[in-house]
Asks: 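There's a structure below that I have some questions on.
Every chain is numbered from 1 and lettered A, B, ... according to where its sequence line falls, protein lines coming before strand lines. Values below: all heavy atoms of this structure, side chains included; hydrogens, waters and symmetry mates excluded.
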Amino acid sequence: MSNNIIITFPDGSTKSLKKGVSGFELANQISKSLAKEAVAIKIDGKICDLSLPLNNDCKVVIIKKENDEALDIIRHDCAHVMAEAVQSLYPGTQVTIGPSIENGFYYDFARKEPFTIADLPKIEKKMHEIINKGEQFTREVWSRDEAIKFFKDKGEEYKVELIEDLNADEEITIYKQGEWLDLCRGPHMMSTKQIGKGFKLMKVAGAYWRGDSNNAMLTRIYGTAWRNEKELESHLLQIEEAEKRDHRKLGKEMDLFHFQEEAPGAVFWHPKGWRLFQSLISYMRERQDKAGYVETNTPDMMDKSLWETSGHWDKFSEMMFRTEAKDEKIYAIKPMNCPGAVEIFKQGLKSYRDLPFLLSEFGKVHRYEPSGALHGLMRVRAFTQDDAHIFCTEDQITEESKTVCDLILSIYKDFGFDNVRIKFSDRPEKRVGDDAVWDKAEAALKQAMETTGLEYTLNPGEGAFYGPKLEFVLRDAIGRDWQCGTLQVDLNLPGRLGATYIAEDGQKKTPVMLHRALFGSLERFTGILIEHYAGHLPFWLSPLQIVVATITSDSDNYAFEVKDQLTKNGLVVEADIRNEKIGYKIREHSNAKVPVILAVGKKEADEQTVSVRRLGSQQTSTIKLDELIKDLKKESLSPIN
RNA sequence: GCCGCGUUAGCUCAUUUGGUAGAGCAGUUGAUUUGUAAUCAUCAGGUGGUCAGUUCGAUUCCGACACGCGGCACCA
């Protein structure tokens, strides 16, 4: 009897089997097809190799290729196979780490001569060979000394470092596939054959050893891996779709903005792009006015001393633009709006009755972002924040934070972002202020989060240098996450900059300042919207809402009449009376993502109608001009109305 | 900032042992007056990112710089 163990399956059924049976044998006993589909086994909640002998009573789940957990294993297997391929093709290359990641895997290699994309086909071919050979993955437990010696002899310095850093009590496991082996926690599938053909090497990149820019630069190869070729194809198709939405491409096609090398990281907004940008500001201004904010504007350049007092100079002077004039002063071009806001708060005596005091500012800030970080509108060196600073008492932090959270979520909803995650970032290593102050700030913000009942995840050590913060991450139409809004509790800057108010007891006190931005950077948010909507901006945001296109020149006058009427009603309209066929005009304006195209010919002119064609639809409908105006006027209202 | 790659007409892209570049679209001019995603013809367009170097000769080879792209690092 002691030779048998009891296996419990997910459906509650049990089976008594001989001790030491492997997961694979177990699957095989249930059915041949299950054994074929199996990639791993979950034993009491832990995912393990199928080859692992079962020695105790346990609950098991056989993980099949179709299960979500299988993808990670396939991808990790793929990383190993790639590493083997690389080392066989390029002897002397050291392996470091190679995890599975979203959609695929990577492996970081140390090699004098970095890889280029030209190397990928060769590596990929070798990988197919290894996979076709059907090498068995086998797991071995080595002693620490044995492992260190082995990798040292092989010249694998990075692996040695990894092993040396493992906890003393940790088991050192080695996975072999044929001749090749790697230090690895596992689990892996039974054979390389199971990987199949659903993978592709995507790109090469530099990456620092252990993610630290002080360390050596390794060369990373990224791959994507799926259950089969069909899934791979669909993933590649998805990438193509995402590329079509690229705001840099659409921005050019829609004539919204451009960049040029004399102003790296700074936007040249074209008329249409600027109109879109201004629509966003108008919308936000209205929302903030209604929420009790008062708008301000503060200087773009202020003396360096102010930034020294605030603490920015100490932490960020390297990333601040500075300028000087004929006088002796050094001016910093503002990288943030907060010191300006504090200076406004400081004017005149403030009473506790004035709090909370909500100051907003659409402030344009400049930051010398590292050249490698620049990316279209998403990461620029000059950008506009929908910034605000809420001066309040400590007791008001919770209530004010809650109000900000509600406002943010409501605003995101207006742009179709319903899926928003919140990250809570606490004190970073480099910071100003006493720990007692930080304790207070973090506790207050946490309490605010409890009050809202919103869920959040902890993001340790990622707070601002003056206070903890919330970060609002929204998910776009194709599932990508973008960090936009932020709320920061600051118990440090107001004091450093000398802001005070008279409290109820007649004593001078230092207010708390909440920094908050909802869109974050207007430039970036514009980019996100372009990609989210794939250029098909909602009517109220569209910088060119309507084009009136004539069929023949006989209708020119009517087209202008239609245009005038629409314009009088506050709509943005252009007339296209060029000597071109209607099909040509339709195509051109559709490509430019104009939401409404009105075709007018003799018939429409006679009847005071228009033929309406909506972006994304082939359908046309003819309606009375008055009626259309009524409809479109309604449609062009922002969601506030 | 770091690693790799790239930069050719307004745009999208060609031009392989180094012999001063070509197409489509856009633009011009003309014809055509057209009914829902490209009418035809015509002409014009370039210091091949910038600067140096090798060479009889460089878009092509070498180097530096600038900018961009993919990552890494950074992001008040």
Asks: Rounded off to whole Å, could you give me the CG-to-C1' distance for the L218(A) and G4(B) pair?
Replies: 14 Å
Asks: Side-chain N or O of Y584(A) less than 4.0 angstrom from OP1 or OP2 on A26(B)?
Replies: yes
Asks: Side-chain N or O of R248(A) versus OP1/OP2 of C69(B): is the shortest distance under 4.0 Å?
Replies: yes
Asks: Q488(A) CD to A76(B) C1': how many Å, rounded?
Replies: 7 Å
Asks: Determine the sole option in R431(A), Q488(A), R496(A) for which the side chain to side chain donor-acceptor pair (under 3.5 Å) test with Y466(A) is passed.
Replies: Q488(A)
Asks: Pick the nucleotide of RNA chain B nearest each of K602(A) and K203(A); which residue has the one closer to the 5' end?
Replies: K602(A)
Asks: Just to be sure I understand the rule, does M319(A) reach a base, reach only the sugar-phosphate, or reach nothing, if contact means heavy atoms closer than 4.0 Å?
Replies: base
Asks: Quick one: the side chain of Y208(A) and the base of G71(B), do they pair up donor-acceptor inside 3.5 Å?
Replies: no
Asks: Please report the distance, rounded to the nearest Å, between CG in L120(A) and P in G71(B).
Replies: 14 Å
Asks: When all nucleic acid strands are considered with a 4.0 Å heavy-atom cut-off, which category describes Y106(A): base, sugar-phosphate, or nothing?
Replies: nothing
Asks: Is there a Watson-Crick or G-U wobble partner for C65(B) with both distances under 3.5 Å, and which nucleotide is it?
Replies: G49(B)
Asks: Considering the options K364(A), E361(A), E523(A), which one meets the side chain to side chain donor-acceptor pair (under 3.5 Å) requirement together with T384(A)?
Replies: E523(A)
Asks: Check whether more than 12 heavy atoms from other residues, nucleotides or ligands sit under 6.0 Å from atom NZ of K315(A), and answer yes or no.
Replies: yes
Asks: Just checking, is any N or O donor in the side chain of N591(A) or E253(A) under 3.5 Å from an acceptor N or O on the other one?
Replies: no
Asks: Looking only at N and O atoms, is any donor in the side chain of R379(A) or the base of C75(B) less than 3.5 Å from an acceptor on the other one?
Replies: yes
Asks: Taking atom C1' in both C43(B) and U47(B), what distance in whole Å separates the two?
Replies: 23 Å
Asks: Using atom C1' in both nucleotides, what's the gap between C65(B) and G53(B) to the nearest angstrom?
Replies: 14 Å
Asks: Is the phosphate of G1(B), meaning OP1 or OP2, less than 4.0 Å from a side-chain N or O of S371(A)?
Replies: yes
Asks: Tell me what A207(A) touches on the nucleic acid: a base, only sugar-phosphate, or nothing, going by heavy atoms under 4.0 Å.
Replies: sugar-phosphate
Asks: What about F357(A) and F345(A), are their ring centers closer than 6.0 Å?
Replies: yes
Asks: Using the rule given for side-chain hydrogen bond (donor to acceptor under 3.5 Å, both in side chains), can you reason through T224(A) versus N103(A), listing the C-alpha separation, both sets of side-chain angles and the distance that settles it, and then say yes or no?
Replies: CA-CA 6 Å; T224(A) 185; N103(A) 300 333; 5.9 Å; no
Asks: Find the distance D212(A):CG to C72(B):C1' and express it as a whole number of Å.
Replies: 11 Å
Asks: Once you apply a heavy-atom cut-off of 4.0 Å, does G311(A) come out as touching a base, just sugar-phosphate, or nothing?
Replies: nothing
Asks: With sugar-phosphate meaning primed atoms plus P, OP1 and OP2, does I597(A) contact a base, only sugar-phosphate, or nothing at under 4.0 Å between heavy atoms?
Replies: nothing
Asks: P atom, C61(B) versus U17(B): distance in rounded Å?
Replies: 12 Å
Asks: Report the nucleotide, chosen from G1(B), C2(B), G70(B), that has the shortest atom-to-atom distance to any side-chain atom of Y368(A).
Replies: G1(B)
Asks: What nucleic acid atoms does G601(A) come within less than 4.0 Å of, heavy atoms only: base, sugar-phosphate, or nothing?
Replies: base
Asks: Would H258(A) and F268(A) count as a close aromatic pair, with their ring centres under 6.0 Å?
Replies: yes
Asks: For the side chain of S590(A), counting heavy atoms from C-beta on, which of G35(B), A76(B), A37(B) is nearest?
Replies: A37(B)
Asks: For A64(B) and C5(B), measure between their P atoms and round to the nearest Å.
Replies: 12 Å
Asks: For A76(B), does either OP1 or OP2 sit under 4.0 Å from a side-chain N or O belonging to K315(A)?
Replies: no
Asks: When you compare G19(B) with U60(B), how far apart are their P atoms, in angstrom units rounded to a whole number?
Replies: 11 Å
Asks: For the pair Y456(A) and F424(A), name the ring-plane relationship: parallel under 30°, tilted 30 to 60°, perpendicular over 60°.
Replies: tilted
Asks: In whole Å, what is the span from the CD atom of Q483(A) to the P atom of C74(B)?
Replies: 14 Å
Asks: Kindly indicate whether the side chain of R613(A) and the base of A37(B) share any N or O donor-acceptor pair separated by less than 3.5 Å?
Replies: yes
Asks: Quantified in whole Å, what is the C1' atom distance between nucleotide U55(B) and nucleotide C67(B)?
Replies: 29 Å
Asks: Please work out if S213(A) contacts a base, only the sugar-phosphate, or nothing of the nucleic acid, heavy-atom cut-off 4.0 Å.
Replies: sugar-phosphate
Asks: Under 4.0 Å: is that the gap between some side-chain N or O of Y222(A) and OP1 or OP2 of C72(B)?
Replies: yes
Asks: Within a radius of less than 6.0 Å around CD of E262(A), do more than 12 heavy atoms belonging to other residues, nucleotides or ligands occur?
Replies: yes
Asks: With the 90 degree cut-off around zero defining syn, does G45(B) come out syn or anti?
Replies: syn
Asks: With C1' as the reference atom in both, quote the distance from C11(B) to U7(B) in angstrom, rounded to an integer.
Replies: 15 Å
Asks: Watson-Crick or G-U wobble partner for A58(B), using a 3.5 Å limit on both distances?
Replies: none
Asks: Tell me whether the OP1 or OP2 atom of G70(B) has a side-chain N or O from H375(A) closer than 4.0 Å.
Replies: yes
Asks: Using a 5.5 Å cut-off between ring centres and planes within 30 degrees, is F316(A) stacked on the base of A76(B)?
Replies: yes
Asks: Take atom P in C62(B) and the same atom in A26(B), then report the distance between them in whole Å.
Replies: 38 Å
Asks: Side chain of K469(A): nearest nucleotide among A76(B), C74(B), A66(B)?
Replies: A76(B)
Asks: Is there, by distance only and without an angle test, a donor paired with an acceptor across the side chain of S553(A) and the base of U33(B) below 3.5 Å?
Replies: yes
Asks: P114(A) side chain: which of U39(B), U36(B), G4(B) is closest?
Replies: G4(B)
Asks: Please give the nucleotide sitting opposite G70(B) as a Watson-Crick or G-U wobble pair, both distances under 3.5 Å, or none.
Replies: C3(B)
Asks: Counting any heavy atom closer than 4.0 Å, what does P264(A) reach on the DNA or RNA strands: base, sugar-phosphate only, or nothing?
Replies: sugar-phosphate
Asks: For F465(A) and N591(A), find the nucleotide of RNA chain B closest to each by heavy atoms; which residue's nucleotide sits nearer the 5' end?
Replies: N591(A)
Asks: To the nearest angstrom, how far is E369(A) atom CD from C72(B) atom C1'?
Replies: 16 Å
Asks: Is the F105(A)-Y107(A) ring centre distance short of 6.0 angstrom?
Replies: no
Asks: Could you tell me the separation between the CD atom of E261(A) and the P atom of A66(B), rounded to a whole number of Å?
Replies: 10 Å
Asks: Let's test this: given Watson-Crick or G-U wobble pairing with both distances under 3.5 Å, identify the partner of A23(B).
Replies: U12(B)
Asks: Surrounding CD1 of I117(A) (heavy atoms of other residues, nucleotides or ligands, distance under 6.0 Å), is the total greater than 12?
Replies: no
Asks: Specify the separation, in whole Å, of atom CG of D246(A) and atom P of G70(B).
Replies: 7 Å
Asks: Which nucleotide, C74(B), U36(B), C2(B), lies nearest any side-chain atom of M217(A)?
Replies: C2(B)
Asks: Answer yes when K602(A) and D554(A) have at least one side-chain N-carboxylate O distance shorter than 4.0 Å, and no when they do not.
Replies: no
Asks: Pull out every protein N or O sitting under 3.5 Å from an N or O of nucleotides 5-12 of chain B, one pair per line with the distance.
Replies:
from, atom 1, to, atom 2, distance (Å)
U12(B), OP1, K252(A), NZ, 3.0

